[in-house]
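For ligands, and for the atoms within them, numbers begin at 1 and follow the listed sequence. When reading the values below, keep in mind they use all heavy atoms of this one structure, side chains included, and skip hydrogens, waters and symmetry mates.
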Amino acid sequence: MTEIEFLGTGTSHGVPVIACHCPVCSSSDPRDKRWRSSILIRRGGTSVVIDTGYEFRLQALRAGIDRLDGVLYTHAHSDHLMGLDDLRVFSRDHKFSIYSTAPVLKTIENVFPYAFRDWQYKGVPAIEAVAVEERKPFAVGEIEFVPIPVMHGMMRIVGYRFGKAAYITDVSDILYDENKEVLSGIDTLVIGALRERPHWSHFSFSQAVEAAGRIGARHVYFTHINHETGHNEIEERYRGRALPAYDTLKLEVADE
Ligand SMILES: [Zn+2]
Ligand SMILES: [Zn+2]
Ligand SMILES: [Zn+2]
């Protein structure tokens with residue numbers, strides 16, 4: 001079995017939003033506290049995180065992450081990236097590997113140049129960037145991943161498939177035609193769904209449901225949710241079609 005734990009399920013602002021006093025930002029339901037989107041995937045002795053946003057340190061402490069075999073990046077927007085510096089605890093005795101497509105890695109190296117130098121100041125993260133290719137499987141420990149290219153507004157980014165599950169956040173176009181094969185057989189789909197209203201670079205809830213239907217996923221979880229709709233409301237509105245994920249939610253998915 002593979003276990004997924006949602007480390008964060010919020011959009012770039014997080015929920016609550018700073019200085020916002022709307023009903024969702026003021027909600028006392030813990031499921032309406034959304035840190036920046038990220039998941040932890042565990043199988044056997046392997047632990048992998050997808051994306052490290054601003055709250056990575058808090059998320060790692062909350063989830064009790066003691067070891068990590070690698071981090072996969074979907075894209076280099078700051079809400080998915082800025083926690084990278086805290087990976088230094090995992091690179092004390094060897095370089096820590098991060099994985100993404102070459103253009104994303106290039107941006108990451110520009111943001112954190114000190115983490116990738118051969119000569120390093122003591123105490124900085126020692127990171128090895130491993131380039132992966134769209135739709136070409138690669139392994140991190142016991143888990144095989146396949147990068148799924150999707151559009152996020154004008155940007156081509158990636159989601160990741162592992163076994164019969166996939167994590168696709170920050171998406172506005174699934175590119176069905178070119179991804180036909182890699183999308184086939186996905187049973188559990190975690191998909192970015194920002195809000196009810198349309199947005200130019202993110203799926204709305206109903207667009208995400210439609211995409212999940214087209215993919216044929218039976219278990220659908222929204223992530224990267226903003227402050228316009230509370231957990232309960234999304235749950236009621238999309239019952240039977242999708243569930244809103246929330247921070248700390250754990251799921252078990254089949255390996256193959
Ligand atoms: Zn984002
Ligand atoms: Zn708000
Ligand atoms: Zn983004």
Side-chain angles (χ1 to χ4, degrees), residues 4 6-40 49-59 71-84 86 98-108 110-112 134 147-160 166-175 189-205 207-208 211 221-234 237 244-247:
I4 299 175
F6 288 86
L7 301 179
T9 55
T11 188
S12 59
H13 285 282
V15 182
V17 176
I18 295 171
C20 184
H21 304 283
C22 77
V24 176
C25 289
S26 315
S27 160
S28 57
D29 185 339
R31 296 167 306 178
D32 286 328
K33 311 280 179 233
R34 299 185 183 278
W35 288 352
R36 265 47 80 88
S37 291
S38 172
I39 57 164
L40 169 65
V49 160
I50 304 185
D51 293 335
T52 55
Y54 300 99
E55 288 105 354
F56 174 69
R57 172 177 167 274
L58 300 170
Q59 291 166 327
V71 170
L72 277 46
Y73 287 96
T74 58
H75 62 307
H77 277 163
S78 59
D79 55 317
H80 297 256
L81 175 62
M82 296 313 283
L84 180 142
D86 283 316
I98 65 165
Y99 302 79
S100 195
T101 56
V104 172
L105 293 174
K106 200 172 160 212
T107 308
I108 296 176
N110 286 334
V111 179
F112 296 96
E134 294 177 354
I148 307 170
V150 296
M151 294 309 290
H152 172 26
M154 313 279 278
M155 266 173 90
R156 192 173 169 103
I157 70 161
V158 285
Y160 293 96
Y167 181 78
I168 304 176
T169 185
D170 293 52
V171 54
S172 55
D173 184 350
I174 295 276
L175 306 174
L189 176 67
V190 179
I191 187 158
L194 185 72
R195 61 188 188 190
E196 200 68 74
R197 295 180 297 131
H199 185 279
W200 72 280
S201 66
H202 292 275
F203 276 159
S204 64
F205 299 142
Q207 286 170 325
Y221 294 87
F222 293 158
T223 191
H224 212 283
I225 298 165
N226 87 355
H227 66 144
E228 289 175 32
T229 330
H231 178 91
N232 275 333
E233 207 179 330
I234 306 171
R237 223 177 273 168
Y246 56 88
D247 293 23

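Using a cut-off of 2.8 Å, one finds that Asp79 contributes no N/O/S atom close to the Zn ion (ligand 3). At a threshold of 2.8 Å, the Zn ion (ligand 1) has no backbone or side-chain N, O or S atom of His202 nearer than that distance. With a cut-off of 2.8 Å, the Zn ion (ligand 3) has an N, O or S atom of His75 in range. Taking 2.8 Å as the threshold, Cys25 counts as a candidate ligand of the Zn ion (ligand 2), since one of its N, O or S atoms lies below it. The distance from the Zn ion (ligand 1) to the nearest N/O/S atom of His224 is under 2.8 Å.
Atom CG of Asp51 sits about 8.0 Å away from atom OH of Tyr160, to the nearest 0.5 Å. Put simply, SG on Cys22 and CG on Asp32 are 9.0 Å apart, with the number rounded to the nearest 0.5 Å.
Between the side chain of Gln59 and the backbone N or O of Leu7 there is at least one donor-acceptor pair closer than 3.5 Å. No donor-acceptor pair under 3.5 Å is formed between the side chain of Asp170 and the backbone N or O of His152.
Remark: the Asn226 side chain and the His199 side chain contain no N/O donor-acceptor pair separated by less than 3.5 Å. Defined by atom type and a distance below 3.5 Å, a donor-acceptor pair is present between the side-chain atoms of Tyr73 and Thr52.
His77 contributes ND1 as its N, O or S atom closest to the Zn ion (ligand 3). Here the N, O or S atom of Asp170 that is nearest to the Zn ion (ligand 3) is OD2.
The Zn ion (ligand 2) is the vertex of the angle joining SG of Cys20 and ND1 of His227, which measures 110° to the nearest 10°.
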